[in-house]
Amino acid sequence: MVIPLNGTVMPCDAVLINGTCIVNESMLTGESVPVTKTNLPNPSVDIKGMGDEFYSPEIHKRHTLFCGTTVIQTRFYTGELVKAVVVRTGFSTSKGQLVRSILYPKPTDFKLYRDAYLFLLCLVAVAGIGFIYTIINSILNKVEIGVIIIESLDIITITVPPALPAAMTAGIVYAQRRLKKIGIFCISPQRINICGQLNLVCFDKTGTLTEDGLDLWGIQRVENTRFLLPEENVCNEILVKSQFVACMATCHSLTKIEGVLSGDPLDLKMFEAIGWILEEATEEETALHNRIMPTVVRPAKQLLPESTPAGNQEMELFELPAIYEIGIVRQFPFSSALQRMSVVARVLGDKKMDAYMKGAPEVIASLCKPETVPVDFEKVLEDYTKQGFRVIALAHRKLESKLTWHKVQNISRDVIENNMDFMGLIVMQNKLKQETPAVLEDLHKANIRTVMVTGDNMLTAVSVARDCGMILPQDKVIIAEALPPKDGKVAKINWHYADTLTQCSNSSAIDSEAIPIKLVHDSLEDLQVTRYHFAMNGKSFSVILEHFQDLAPKLMLHGTVFARMAPDQKTQLIEALQNVDYFVGMCGDGANDCGALKRAHGGISLSELEASVASPFTSKTPSISCVPNLIREGRAALMTSFCVCELALFSINCKFYSLI
């Protein structure tokens with residue numbers, strides 16, 4: 001199929017084979033940030049055994065246009081239209097699977113409904129006994145047949161009230177109306193009763209517990225393998241031509257939509273901080289060239305140092321001041337699996353191209369030359385993450401002159417993303433929402449456990465958990481680091497305190513035999529005793545589920561922070577918590593929490609985008625203050641259901657007393 005120049009809503013899943021598209025995927029993911037989709041690259045034949053690479057919508061999602069998403073604009077080759085090959089249609093598409101899961105959700109096994117059926121069966125049994133007793137007693141007393149029939153049927157209708165289901169539903173309907181008044185919308189009313197039973201709530205971090213946006217706190221550059229002092233102002237003449245600023249200017253996925261800079265909020269903050277200008281080729285310019293014109297970034301004129309001609313001599317052409325511009329030749333988009341993104345760029349007039357990379361500090365450091373990474377890298381990173389900052393690392397590398405524009409377009413990212421020079425850290429600040437601590441305190445008072453599930457760094461997550469009151473100041477956090485089987489060695493778990501994450505000494509490690517003893521102290525009765533919380537990342541969580549199934553329930557009972565969790569791992573966590581008899585609520589912004597929101601007993605989406613249809617509840621106000629309100633209404637509806645059952649028993653008692 002040909003993708004129109006002015007965009008379209010995708011009717012199917014298709015993979016791009018020509019050109020580039022900018023797509024709004026909020027319908028599927030909840031993310032309102034436009035995503036750049038590139039054409040499917042040729043299979044990597046330079047790595048042994050990788051020649052027979054097969055297309056997969058999950059692996060190649062950066063090249064796939066998903067059904068229901070909106071293509072905002074396209075960029076194309078000369079004489080070649082933007083083309084895509086249809087790969088899935090109907091219910092096989094991503095949107096189809098979402099719709100199918102909404103139409104036919106996985107049944108929630110709720111004890112109230114099981115008990116309600118047992119209650120009705122008991123009533124039927126009682127009604128049967130009463131029916132037989134009335135007939136026999138009436139015949140013995142020689143009562144007329146008409147009266148016997150009426151009294152016998154009267155026993156059945158009183159014992160099993162026909163209005164019982166309607167009366168139970170009435171309580172849910174009124175609760176739904178009250179929820180609507182406070183801005184909580186419900187598409188699955190039977191879940192309201194379940195919310196009255198919630199005793200654990202999982203929270204996403206970014207956009208849920210903390211503010212959506214990130215502010216640039218500062219940068220910390222590296223020179224001669226040593227960290228310089230932190231700098232707040234990046235927008236100055238001294239740094240304008242540095243590789244650090246060049247990386248900030250080029251290593252992003254920003255694009256202009258109708259003249260407005262658009263993209264990931266983190267990238268936007270980073271680009272705005274340096275005060276540069278981004279220029280994209282127009283359709284007319286692209287049509288004149290045999291290849292896509294690169295996106296160009298350049299500093300604002302006031303940032304460049306002024307160069308004045310010497311004396312009154314006429315300025316020759318070659319003496320004209322050079323314009324400092326950087327063209328982005330190739331972009332390797334951000335991958336959550338790889339936790340990094342990179343670009344290949346060229347400064348105007350330079351013969352060699354540059355490779356810039358940014359991402360999770362641990363990942364970037366592992367891809368850099370060891371001699372370029374400062375010795376105190378882990379300590380500096382730990383200091384920032386303990387304070388709750390979001391840290392991103394930058395790296396750079398000069399590419400060989402033999403790499404031409406054409407070769408770069410077909411090269412794999414593995415060839416580019418290695419042997420880099422470590423350049424430093426960008427420190428971003430993510431503030432807590434004002435109402436977060438108070439809401440979590442209310443939940444703790446109600447004896448409702450709270451858990452954080454995030455895709456962010458471990459220490460940042462632990463820091464935010466402490467700041468918002470999820471982990472009290474005197475409580476200890478034990479990090480479970482699970483290692484999968486490797487080179488004939490069995491899987492194992494290393495335990496250490498969060499305060500000593502980077503120290504591998506015997507003092508920071510905890511003997512695994514002492515762990516069960518730690519759990520004994522976790523009692524609500526004696527608050528003077530230090531409580532322990534477990535924290536782990538997504539990789540460790542997967543290893544524990546696979547290789548330590550006996551230990552998993554214990555960790556679920558005491559785990560508070562789950563960091564670097566992928567969307568499918570969030571769903572697995574919800575299921576694991578349900579397996580240890582928790583009634584689990586999930587509160588997220590809908591961005592990557594759809595699976596978990598659907599699987600939880602009570603999922604509350606704080607996003608009004610179309611992804612929220614996957615969630616049973618959607619809050620109009622994007623704050624977690626909706627969680628206590630929902631639980632209150634759930635408990636009220638549950639109490640109404642119990643009272644209706646009690647009334648049914650009361651009517652039975654009255655009738656039997658009258659018979660006796």
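Here, residue 1 is the first one in the sequence, and each next residue gets the next number. Model, not experiment: these values are computed from the prediction.
With Arg346 contributing its side chain and Lys351 its backbone, the two residues share a donor-acceptor pair below 3.5 Å. With Lys358 contributing its side chain and Leu394 its backbone, the two residues share no donor-acceptor pair below 3.5 Å. Although no hydrogens or angles enter the test, the distance criterion places a donor-acceptor pair under 3.5 Å between the side chain of Asp13 and the main chain of Cys67. In terms of modelled atom types and a separation under 3.5 Å, the side chain of Thr210 and the main chain of Lys205 share a donor-acceptor contact. Checked by atom type and distance alone, the side chain of Thr208 never pairs as donor or acceptor with a backbone atom of Gly588 at under 3.5 Å.
With rounding to the nearest 0.5 angstrom, the CD1 atom of Ile219 is 6.5 Å from the CE atom of Met248. Here the CZ-CZ distance, from Arg340 to Arg413, works out to 6.0 Å after rounding to the nearest 0.5 Å. If you take SG on Cys251 and CD1 on Ile426, they are separated by 9.0 Å, rounding to the nearest 0.5 Å. To the nearest 0.5 angstrom, Ser412 atom OG is 9.0 Å from Glu417 atom CD. Atom CE of Met420 sits about 8.5 Å away from atom CG of Asn418, to the nearest 0.5 Å. Rounded to the nearest 0.5 Å, atoms CZ (Arg397) and OG (Ser342) are 10.5 Å apart.
Minimum interatomic distance between Arg564 and Gln569 (heavy atoms only, all atoms of both residues): O-OE1, 3.8 Å. The minimum heavy-atom distance between Ala365 and Val373, with the atom names listed, is O-CG2, 4.0 Å. Closest approach of Thr372 to Phe422, counting heavy atoms only: OG1-N, 3.2 Å. The shortest heavy-atom contact between Gln220 and Leu228 is NE2-O, 2.9 Å. A pairwise comparison of heavy atoms in Met565 and Phe562 identifies CG-O, 3.5 Å as the closest pair. Taking both residues in full, the closest heavy atoms of Phe377 and Pro361 are given as CZ-O, 3.5 Å, listed atom of the first, atom of the second, then distance.
Aromatic ring pairs are classed by plane angle as parallel below 30°, tilted from 30° to 60° and perpendicular above 60°; the pair Tyr384 and Trp217 is perpendicular.
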> Under the side chain to side chain contact (heavy atoms under 4.5 Å, CB included) criterion, do Val543 and Phe548 qualify, and how do the steps go?
Replying inline: CA-CA 7 Å; Val543 171; Phe548 300 93; 4.3 Å; yes
> Can you list the steps and then say if Asp421 with Lys369 is a side chain to side chain contact (heavy atoms under 4.5 Å, CB included)?
Replying inline: CA-CA 6 Å; Asp421 294 330; Lys369 296 174 193 167; 3.4 Å; yes
> Going through the checks in order, is the salt bridge (Lys or Arg N to Asp or Glu O under 4.0 Å) test met by Lys398 and Asp354?
Replying inline: CA-CA 5 Å; Lys398 273 278 182 195; Asp354 297 277; 3.3 Å; yes
>> Working note: Gln331 + Thr38, criterion side-chain hydrogen bond (donor to acceptor under 3.5 Å, both in side chains); need CA distance, chi angles, decisive distance, verdict.
In response: CA-CA 9 Å; Gln331 185 188 93; Thr38 54; over 6 Å; no
> Going through the checks in order, is the side chain to side chain contact (heavy atoms under 4.5 Å, CB included) test met by Leu399 and Ile416?
Replying inline: CA-CA 8 Å; Leu399 297 176; Ile416 300 290; 4.1 Å; yes
> Stepwise, does the side chain to side chain contact (heavy atoms under 4.5 Å, CB included) test hold for Val82 with Leu16?
Replying inline: CA-CA 8 Å; Val82 178; Leu16 264 179; 3.6 Å; yes
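Ile392 has its side chain within reach of Met428: a pair of non-hydrogen atoms, C-beta onward, lies under 4.5 Å apart.
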